[in-house]
Number of protein chains: 2
Amino acid sequence: MNFSVSEENYIKSIYRLQQQQEVVNTNSLAQELNTRAASVTDMLKKLQLKKLLDYEKYRGFKLNAAGNKIALTIVRRHRLWEYFLVTKLGFEWDKVHAIAEELEHVSSIELIQRLDSFLDHPQTDPHGDPIPDVHGKFTPIKQLNLGEIPEKKSVIVSSVSNQSSEMLELLNHNNIKIGTGLRVIKRFAFDGSIEIKVNKQATCILSEQVSKNIFVYHD
Amino acid sequence: MNFSVSEENYIKSIYRLQQQQEVVNTNSLAQELNTRAASVTDMLKKLQLKKLLDYEKYRGFKLNAAGNKIALTIVRRHRLWEYFLVTKLGFEWDKVHAIAEELEHVSSIELIQRLDSFLDHPQTDPHGDPIPDVHGKFTPIKQLNLGEIPEKKSVIVSSVSNQSSEMLELLNHNNIKIGTGLRVIKRFAFDGSIEIKVNKQATCILSEQVSKNIFVYHD
DNA sequence: CTTTAAATTTAGGTAAACCTAAAAAAATGT
DNA sequence: ACATTTTTTTAGGTTTACCTAAATTTAAAG
């Protein structure tokens, strides 16, 4: 079956929210998509009609197996294009999200197959997120939230969940990228901010809001 | 200014028709876009309002300077993507048109700049058509129509104007591609078909309809 | 020079994807 | 338990890009 750009964006956003909350609600999806709750309800009906969604009025909704599969092909396209933009065209990793957001809707199956080969079947995108294979399978990296790493622990940055330009600009400023080694020096109970050492060199302070969006794995 | 996918497709089609006819008419544009005359009229008003079009009711229309410039940036994007698909992803030259048709609407200026550099600033697309530069400039190759080449003349294929899969399949079958040497053996007055020798080897017959869509330059 | 035919535009309507405002259901506080 | 707040849905409207059918303009033919 074939989906409109709007439908694909809804599917992708529902998928993303499901990583955090088992069942998604109308308002959070509206916020995610920069639209209004009433518009979301309209689209939910449509996606339910197309049998991609488990949806009970007033009770929330989630993608079913079919919906999940489609979400994963969109995620796959998005992350392959991001990888292309960074490794082949030389974009900075914080500039690719918006462009990949457009490219991901070009739906030729052969295009994505060939792009994948051309890029030598990359496993993760420039933000460290895994790229699903043709069947939607991927090995999730067991990631820990930087906001929960205790003092004196050393870790390596694996991915960043909030990919806004503002967020990534801040990370760039502090020389933090995928693969960077971090060590938590001090944790401030007052506001949840943490002091960290970056690559065994400079130290910096990250707000709780920032550290919650950084995922890491053990050194 | 920013244009919808529909607007861009109209602009591109008007540009293409203008290569053949100075002033474009509603019906031929409707046919080109696989839509109805009434829909075309709707869009003409819109494009005129946006000051991209010289349009006189019932009298035909053409792109003005602003419209032309936009057409050329779309053509540039389309041809760069076609070049990418063939040289980097290994697509056959007759399979890329539809995909480039989607990719061309991704509008990031930086994307196209970087793609152009990545491809080493190609001058022509896989069909032999010149790729306009950032300013819309390109050097048109002086091309002759194969349908008008006299008997016993040898020429080289420079481009193909009808890029339908069917047309290109036929050319592939006869081993004709950009750069192929052709010699007109005989011209049949009855139906305008011609007998040609391909690469000094096999001979084949091309209908007038086909030969009219092949452009060549002197050997 | 009028009649007919062809091309084009207008009028009015549809579907997709949005919106605001009001109604309905669910959650919350006392 | 019931009133209030929050969340969600419904009702009805807008815009874009289509459509058909009818009216208008231009071109062609006798």
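Below, read A as the first sequence line, B as the second, and so on, with proteins coming before strands; counting in each chain starts at 1.
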Using OP1 and OP2 only, check whether a side-chain N or O of [X] sits under 4.0 Å from [N].
{"X": "A/T26", "N": "D/dT9", "result": "yes"}
{"X": "A/K45", "N": "D/dT9", "result": "no"}
{"X": "A/N27", "N": "D/dT8", "result": "yes"}
{"X": "B/N25", "N": "C/dA7", "result": "no"}

Rounded to the nearest angstrom, tell me the gap between atom [atom1] in [X] and atom [atom2] in [N].
{"X": "B/N2", "N": "D/dT16", "atom1": "CG", "atom2": "P", "value": "14 Å"}
{"X": "B/F61", "N": "C/dA7", "atom1": "CZ", "atom2": "P", "value": "14 Å"}
{"X": "B/L53", "N": "C/dT8", "atom1": "CG", "atom2": "P", "value": "14 Å"}
{"X": "A/Q31", "N": "D/dT6", "atom1": "CD", "atom2": "C1'", "value": "15 Å"}
{"X": "A/L44", "N": "D/dT9", "atom1": "CG", "atom2": "C1'", "value": "10 Å"}
{"X": "A/F3", "N": "C/dA16", "atom1": "CZ", "atom2": "P", "value": "14 Å"}

Inset, instruction - Determine the contact category for B/Y55: base if any of its heavy atoms lies under 4.0 Å from a base atom, sugar-phosphate if only primed atoms, P, OP1 or OP2 are that close, otherwise nothing. - result: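 Sugar-phosphate: the residue B/Y55, judged by heavy atoms under 4.0 Å, touches backbone atoms but no base.
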Legend entry - Between B/D125 and B/W93, a side-chain donor and acceptor under 3.5 Å: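 Judged by distance alone, the side chains do not pair up.
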Legend entry - Side-chain H-bond candidate by donor/acceptor type, A/H121 with A/D133, under 3.5 Å: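 No donor-acceptor contact under 3.5 Å links the two side chains.
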Inset, instruction - Select from B/E56 and A/S4 the residue whose nearest nucleotide in DNA chain C is closer to the 5' end of that strand. - result: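 Upstream on the strand: B/E56.
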Inset, instruction - Cation-pi check, B/K88 to B/Y83: give yes when NZ or CZ is under 6.0 Å from the six-membered ring centre and within 45° of the ring axis, no otherwise. - result: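 No, B/K88 and B/Y83 do not form such a contact.
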Inset, instruction - Please say whether the positively charged group of A/K186, taken as NZ for Lys or CZ for Arg, lies over the ring of A/F188, i.e. under 6.0 angstrom from the six-membered ring centre and within 45 degrees of the axis. - result: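 Positive - A/K186 is close enough to the ring of A/F188 and near enough to its axis.
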Inset, instruction - State plainly whether the residues A/E32 and A/K12 are in salt-bridge range, i.e. N to O under 4.0 Å. - result: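 No, this pair does not count.
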Legend entry - Electrostatic pair A/E8-A/R77, nearest N-O below 4.0 angstrom: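 Salt bridge between A/E8 and A/R77, a charged N being under 4.0 Å from a carboxylate O: yes.
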Inset, instruction - Tell me whether the centres of the aromatic rings in B/Y15 and B/Y10 are closer together than 6.0 Å. - result: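 Ring centres of B/Y10 and B/Y15 not closer than 6.0 Å.
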Inset, instruction - Do nucleotides 18-27 of chain C as a string where each nucleotide becomes B, S or -: B if the base has a protein heavy atom under 4.0 Å, S if just the sugar-phosphate does, - if no protein is that close. - result: BBB---BSSS
